[in-house]
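In what follows, chains are A, B, ... by sequence order, proteins preceding strands, each numbered from 1. Keep in mind it's a predicted model, so treat the numbers as computed, not measured.
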There are 2 protein chains.
Amino acid sequence: MVDRADFVRKTVAMIEPIRRARTGERREQILAVALRLFGERGAGNVTTRQIAEAVGISQPSLYAHFASADAIAEELCVRSFDTLQARFAATAAEYPDPWQRVDMLGRAYIEFGIENPDMYRIAFMPTRESGPPPGMTFDLAAHDPGLAAGLRAFGSLRDTIAEIRGRDDAHVDVIAQAIWALVHGLTSLLISKPYFPWAEREALVEALLAMARSYLASQKAR
Amino acid sequence: MVDRADFVRKTVAMIEPIRRARTGERREQILAVALRLFGERGAGNVTTRQIAEAVGISQPSLYAHFASADAIAEELCVRSFDTLQARFAATAAEYPDPWQRVDMLGRAYIEFGIENPDMYRIAFMPTRESGPPPGMTFDLAAHDPGLAAGLRAFGSLRDTIAEIRGRDDAHVDVIAQAIWALVHGLTSLLISKPYFPWAEREALVEALLAMARSYLASQKAR
DNA sequence: ATTGATAGCCTATCATTGATAGGTCATCAC
DNA sequence: GTGATGACCTATCAATGATAGGCTATCAAT
């Protein structure tokens with residue numbers, strides 16, 4: 001199987017004139033191919049050899065462009081979450097009412113996760129626990145780019161909660177993190193258990209966001 | 001490294017009289033060792049050779065007791081969730097008031113996840129999406145024992161919601177699943193992002209459960 | 001045009017991993 | 001005893017991520 005693919009690649013290389021990709025060009029090509037394969041077979045079922053074959057280069061050549069196999073997934077993940085951030089920014093701009101905005105941010109988040117299950121999985125459902133080695137609690141982002149990208153998006157939610165609760169409220173972080181947990185919970189379950197007999201998705205989303213709303217409302221009344 | 005461990009095992013085997021474990025005995029021993037190693041290094045960082053070495057047998061011998069490496073983790077996972085079910089049953093018996101019971105079930109769930117991060121990860125944060133092959137939507141449990149075990153526990157929550165909302169309320173499933181998503185969200189995030197600057201855990205738990213409570217209360221008032 | 005450096009690519013090869021094949025032998029029921 | 005069972009072993013696979021070391025297309029500076 002691999003030998004045959006390798007044979008094809010070599011044969012093509014003999015017939016076609018040798019053309020090398022320009023700096024950065026091949027790198028983008030690898031990312032594009034990897035993204036496609038991730039979508040087709042799931043991120044966990046794609047090997048470096050499959051990527052290399054699809055690109056048309058040898059497997060070790062990948063390492064000239066990326067430090068490791070994970071680095072490829074990581075970069076795709078960061079880029080993917082940058083689009084979430086953009087979506088959040090657009091949503092925030094569209095809904096001046098912070099109450100409505102929280103709702104729409106939550107929906108955008110869940111939607112993003114469902115549309116990009118592989119990227120979401122890499123960022124927030126890692127196999128191994130991520131994070132810096134013990135004793136290094138600073139610079140978390142450098143050790144978990146996926147988290148860093150996700151959190152830039154998370155900022156929009158936190159700002160909106162601050163707008164509702166007042167910027168000085170020490171509870172803002174608690175509420176923002178709780179709402180994050182809430183939307184993450186549904187998103188990750190829908191991704192990891194697609195065959196579960198779920199209730200209608202819209203009803204679930206609405207119920208969860210209603211929980212957040214009624215909590216915020218009850219807190220406001222105090 | 002492996003050679004040395006192998007040498008030690010062989011030497012011991014030469015000195016000690018050959019003693020074979022009785023049927024079922026070795027199997028339990030393997031599970032116990034695997035559980036310990038999972039806790040020490042994380043479930044994803046334990047290899048079959050490490051387990052075999054710790055048990056004192058050769059790596060292929062594991063396959064006389066388990067069909068695959070995953071099967072070991074799977075069995076531990078099922079057993080682990082059976083303890084959650086027991087905990088749920090005890091909690092349900094202790095709190096006759098369904099409102100209070102929902103609260104305590106949620107707390108028990110989160111606690112369980114934090115105390116058994118590896119088992120929780122295996123059951124609800126799989127690397128690949130679980131489920132039956134396309135076209136086979138029945139008998140989900142047989143294809144995902146971890147989920148099956150978890151859902152037996154989930155039943156307690158659903159029953160409690162039914163007690164609050166009335167058994168005929170079609171919304172019971174939506175609410176129960178939403179609350180499940182809610183507690184799962186916090187649990188999985190605390191497990192996968194332990195280094196994140198979380199707010200105080202108790203405040204987060206309380207905020208999330210308060211969200212569920214105020215939603216249930218607002219629904220009741222209608 | 002020549003040259004030197006950069007970088008893209010290759011072949012060969014590792015170590016590690018989960019898993020299988022086939023044989024040996026302790027144990028136990030009869 | 002004796003045969004069946006099954007626990008165990010050695011040898012060996014194929015697949016995977018990764019590294020070592022060499023070749024050469026490309027391009028800027030001379």
request  = Please tell me which of A:Q50 and A:A67 maps to the more 5' nucleotide of DNA chain D, matching each residue to the nucleotide holding its nearest heavy atom.
outcome  = A:Q50
B:H65, nearest nucleotide to its side chain (from D:dA7, C:dC10, D:dA18) = D:dA7
key: Rounded distance (Å) that lies between atom P of D:dG21 and atom OH of A:Y63   = 18 Å
request  = Could you tell me which non-hydrogen atom of A:L37 sits nearest to which non-hydrogen atom of A:V46, and how far apart they are?
outcome  = O-CG2, 3.6 Å
key: Rounded interatomic separation in angstrom, taking CZ from B:F66 and P from D:dG6   = 16 Å
query = List DNA chain D stems (3 or more consecutive Watson-Crick/G-U pairs, under 3.5 Å)?
reply = C:1-30 with D:1-30
ask   = Of the options A:I175, A:L209, A:I179, which is the one that meets A:V102 in a side-chain contact (heavy atoms from CB on, under 4.5 Å)?
value = A:I179
Atom pair distance, as rounded to whole Å: CD in A:E25 and C1' in C:dC9 = 15 Å
Polar side chain donor-acceptor pair, B:R41 to B:Q50, under 3.5 angstrom = yes
task = Please state how far atom CD in B:E53 lies from atom P in C:dG18, giving the value in whole angstrom units.
result = 13 Å
request  = Over 60° means perpendicular and under 30° means parallel, so classify the ring planes of A:H184 and A:F124, tilted if in between.
outcome  = perpendicular
key: First of A:P60 and A:A64 reached from the 5' end of DNA chain C, by closest nucleotide   = A:A64
ask   = Side chain of A:R26: nearest nucleotide among C:dC9, D:dT12, D:dA7?
value = C:dC9
request  = Give the rounded distance in Å between these two atoms: CD1 of A:I51 and C1' of D:dA18.
outcome  = 14 Å
query = Can you tell me how far P of C:dT16 sits from CD of B:Q59, to the nearest Å?
reply = 13 Å
query = Taking atom P of C:dT6 as reference, at what distance in whole Å does atom CZ of A:R27 sit?
reply = 20 Å
ask   = With sequence neighbours left out, what residues match B:F38 under ring-ring contact (aromatic ring centres under 6.0 Å, His included)?
value = none
ask   = Would you say a side-chain N or O of A:S61 is under 4.0 Å from OP1 or OP2 of C:dC10?
value = yes
request  = Could you check B:S80 against B:T83 for side-chain hydrogen bond (donor to acceptor under 3.5 Å, both in side chains), going step by step and ending with a plain yes or no?
outcome  = CA-CA 5 Å; B:S80 183; B:T83 73; 4.7 Å; no
key: B:Y120 ring center within less than 6.0 Å of B:Y109 ring center   = yes
Rounded distance in Å - CG (A:D70) to P (D:dG17) = 9 Å
query = Does a nitrogen or oxygen in the side chain of B:S58 sit under 4.0 Å from OP1 or OP2 of D:dC9?
reply = yes
key: Nucleotide nearest B:I57 when distance is taken to its side chain, options C:dG18, D:dG17, D:dC9   = D:dC9
